[in-house]
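Step one of this worksheet: look at the structure below.
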There are 2 protein chains.
Amino acid sequence: MDVEHSLQQRMDLFRQRCLELGLACTHQRMVIYKALASTTAHPTPEAIYEQVKREIPAISLGTVYKNIRTFTDAGLLREVSVLHDSLRLDANLGDHHHLVCVRCKAIFDVPETEVTPVQLREPLPDGFRLERCSVLFLGVCAQCAAAQ
Amino acid sequence: MDVEHSLQQRMDLFRQRCLELGLACTHQRMVIYKALASTTAHPTPEAIYEQVKREIPAISLGTVYKNIRTFTDAGLLREVSVLHDSLRLDANLGDHHHLVCVRCKAIFDVPETEVTPVQLREPLPDGFRLERCSVLFLGVCAQCAAAQ
DNA sequence: TTATCTGCAAAGCCTTTGCGCAGAT
DNA sequence: ATCTGCGCAAAGGCTTTGCAGATAA
C-alpha cells in the first residue's frame, strides 16, 4: 500500500474522529498527529516536539504534552509503555510473565508454564541479539472494575 | 516449599553474591533486599522505602534509590518496566508486539502474525477482565552490540 | 586503615498546571 | 460570540548527585 496515501487516509480519519469527539482541529494538532502517524519509531514527546518544530517553530513543548494526553485519553493514540510512570521492581529473576491492571497498575505474576510458548516466526532485524521475552497481559482488576 | 525458609535461602544467596561482587553487606542493603524478596507486588522505590522505614526509621529515600540501582546493575534485581523512563507513543492501534533494545531503548514493531498465538492456560485472578496481551521481545540491537 | 556506604540536601529531568490571549466552531 | 486551545512560565513528581560523617572489610 502507498505510504503517502495511507498517511492521507489516517489524517482524514483523525480529522473525522476529532469532529466526533468535539475536539478542535487545530493546525498544531494536525501536525502533531501527522508526526506520530508518520513513524514507527515510537517517539518520545520530546522527539515529537523536535519534529513538529520544523513545521511550527513557535510550538511549545507544553502543547505537545497536552495533546498527547488528549489523544491517548480519546483513544487516538496508545502508550507503548503502560508502566512507564514509575519504576516497578522484581526480585524474581526466573522467567515469568505479568498480568497488569491498566487502571491501578497492580502487577501479578504469571508463571511461564501457564502461557503457551511464545516464538517469533520472523527473522530478527540484522544483528539483533534476542535475550528474552516478556508477556504483559493487560486488563482491569476486580477492584477497579467494581469502582466503575 | 516453606516461604520462610525460601526467604532465608535468598538472603544467604544475596549475602554471598554481595561478597562475590565486592559490595558491602550493610544493614540497609539487607533490609532493602529482604523487602524486595518478600513480596510479589512489584513495589515502587517509594513502597520499599516505606517498608524499610519500619525496621530502619532513619533510612533515607536516596539510599533506597542508590541501592536499587546498585542491585539492578549487579543483576540481583530486575525492572518490570523496561521502558519506564520515558513515555513512548504508538499511533498504530492495531494488534502488534514490540522488539526492544534494552540498551538504547529502540522499539521495533513485530506484527501479530509473526508471533505464535499467546494464551493463558491459568484461570485469571477472580474478576480480572483481560483486554489484550502485549509481547516484548528484549535484547540488544546491532548498533549497541557493536558499541560493546 | 581504607574504601565504600549512608543521610542530607540540592539539583535535574520529565510532565502537569494556571493564566491570559488567540483561534476554531 | 462562545468555547476551546495555545504559548509561556511556574510548579510538581520522581530520580540522581555531591558531600561530609559513619560503617564495613
Side-chain angles (χ1 to χ4, degrees), chain A residues 11 14-36 42-50 52-74 76-77 79-89 105, chain B residues 11 14-36 42-50 52-74 76-77 79-89 105:
Chain A
M11 293 311 296
F14 174 72
R15 197 170 222 125
Q16 186 186 319
R17 289 290 294 129
C18 282
L19 279 174
E20 290 168 14
L21 292 161
L23 295 175
C25 257
T26 65
H27 183 211
Q28 286 87 341
R29 277 182 182 160
M30 295 299 279
V31 176
I32 291 169
Y33 187 80
K34 189 175 56 159
L36 285 158
H42 307 85
T44 61
E46 188 73 30
I48 292 299
Y49 174 57
E50 292 304 328
V52 171
K53 262 206 291 197
R54 296 183 193 173
E55 199 159 333
I56 312 176
I59 189 100
S60 84
L61 183 55
T63 295
V64 172
Y65 270 102
K66 279 176 201 166
N67 282 311
I68 285 171
R69 166 58 63 117
T70 301
F71 297 168
T72 52
D73 286 352
L76 297 166
L77 188 63
E79 302 182 358
V80 178
S81 40
V82 177
L83 297 171
H84 90 273
D85 33 5
S86 83
L87 183 51
R88 302 296 292 267
L89 300 161
K105 308 295 167 73
Chain B
M11 293 311 298
F14 173 73
R15 197 170 221 125
Q16 185 186 318
R17 290 289 294 130
C18 282
L19 280 174
E20 289 168 15
L21 292 160
L23 295 175
C25 258
T26 65
H27 183 211
Q28 286 88 340
R29 278 184 182 159
M30 294 300 278
V31 176
I32 290 169
Y33 186 81
K34 188 175 57 161
L36 284 159
H42 308 85
T44 61
E46 188 73 31
I48 292 299
Y49 174 58
E50 292 304 328
V52 171
K53 263 207 291 198
R54 297 182 192 173
E55 198 160 333
I56 312 176
I59 189 99
S60 84
L61 183 55
T63 296
V64 172
Y65 270 102
K66 278 177 203 167
N67 283 311
I68 284 171
R69 167 58 63 115
T70 302
F71 296 169
T72 52
D73 287 352
L76 297 166
L77 188 63
E79 302 183 356
V80 178
S81 41
V82 177
L83 296 171
H84 90 274
D85 33 5
S86 83
L87 184 50
R88 300 296 292 268
L89 300 161
K105 308 295 167 73

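These numbers come from the heavy atoms of this one structure, side chains and all, not from hydrogens, waters or symmetry mates. Chain letters run A, B, ... following the sequence lines, proteins first and then strands; every chain starts at 1.
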- Query: What is the minimum heavy-atom distance between R15(A) and C25(A), and which atoms define it?
  - Reply: CG-SG, 3.6 Å
- Query: Just by modelled atom types, is the A24(A) backbone N or O under 3.5 Å from a matching donor or acceptor in the R29(A) side chain?
  - Reply: yes
- No-H, no-angle donor-acceptor pair, K66(A) side chain to dG18(C) base, under 3.5 Å: yes
- For M30(A) against M11(A), the heavy-atom pair lying closest together: O-CE, 3.4 Å
- Under the criterion side chain to side chain contact (heavy atoms under 4.5 Å, CB included), which of V64(B), I59(B), V52(B) is the partner of V31(B)? V52(B)
- Taking all non-hydrogen atoms of both residues into account, name the closest pair between P45(A) and L61(A) and its distance. O-CD1, 4.4 Å
- Query: For H84(B) and dT16(D), what is the distance between atoms NE2 and P respectively, to the nearest whole Å?
  - Reply: 7 Å
- Note on the structure: Of I56(B) and S86(B), the one whose closest nucleotide on DNA chain C sits nearer the 5' end is I56(B)
- Message: Is T44(B) close enough to dC14(D) that one of its side-chain N or O atoms is under 4.0 Å from OP1 or OP2 there?
- Response: no
- Message: When you measure from the side-chain N and O atoms of Y65(B) to the phosphate of dT16(D), is any distance below 4.0 Å, counting only OP1 and OP2?
- Response: no
- T70(A) vs dG5(D): side-chain N/O to OP1/OP2 distance below 4.0 Å: no
- Message: Could you tell me how far apart Q28(B) (CD) and dT23(D) (P) are, to the nearest whole angstrom?
- Response: 9 Å
- How close do I56(B) and Q28(B) get, heavy atom to heavy atom, and via which atoms? CD1-CA, 3.8 Å
- Taken to the nearest whole Å, CG/L19(B) to P/dT4(C) is 15 Å
- Is any side-chain N or O of T63(B) closer than 4.0 Å to OP1 or OP2 of dG7(C)? yes
- Contact nearer the 5' end of DNA chain C, comparing S60(B) with A24(A): S60(B)
- Message: Expressed as a whole number of angstroms, how long is the span from L83(A):CG to dC14(D):C1'?
- Response: 16 Å
- Just report the end-to-end axis angle for the helix from dT1(C)-dA25(D) to dT25(C)-dA1(D), five pairs per end, to 10 degrees. 40°
- With sequence neighbours left out, what residues match F14(B) under ring pair (Phe, Tyr, Trp, His ring centres under 6.0 Å)? Y33(B), F71(B)
- Task: Please determine if a side-chain N or O atom of R69(B) lies less than 4.0 Å away from the OP1 or OP2 oxygen of dT16(D).
- Result: yes
- Note on the structure: Sorted by position of nearest nucleotide on DNA chain D, 5' first, the leading residue of I32(A) and C25(B) is I32(A)
- How would you label the contact of D85(A) with the nucleic acid (heavy atoms, under 4.0 Å): base, sugar-phosphate, or nothing? nothing
- Note on the structure: Rounded to whole Å, the CG-C1' distance (L61(B) to dT17(D)) equals 14 Å
- Query: Quick one: L21(B) CG to dA25(D) P, roughly how many Å, whole number?
  - Reply: 13 Å
- Note on the structure: Assert: residue with more 5' nearest nucleotide on DNA chain D, out of L23(B) and E46(B), is E46(B)
- Item | Distance, rounded to the nearest Å, where L87(A) contributes CG and dT16(D) contributes C1' | 13 Å
- Message: Without decimals, in angstroms, what is the distance between I48(A) CD1 and dT15(C) P?
- Response: 13 Å
- Main-chain N/O of V80(A) paired to R88(B) side chain as donor or acceptor, under 3.5 Å: no
- Item | Under-4.0 Å side-chain N/O to phosphate OP1/OP2 contact, R29(A) with dG5(D) | yes
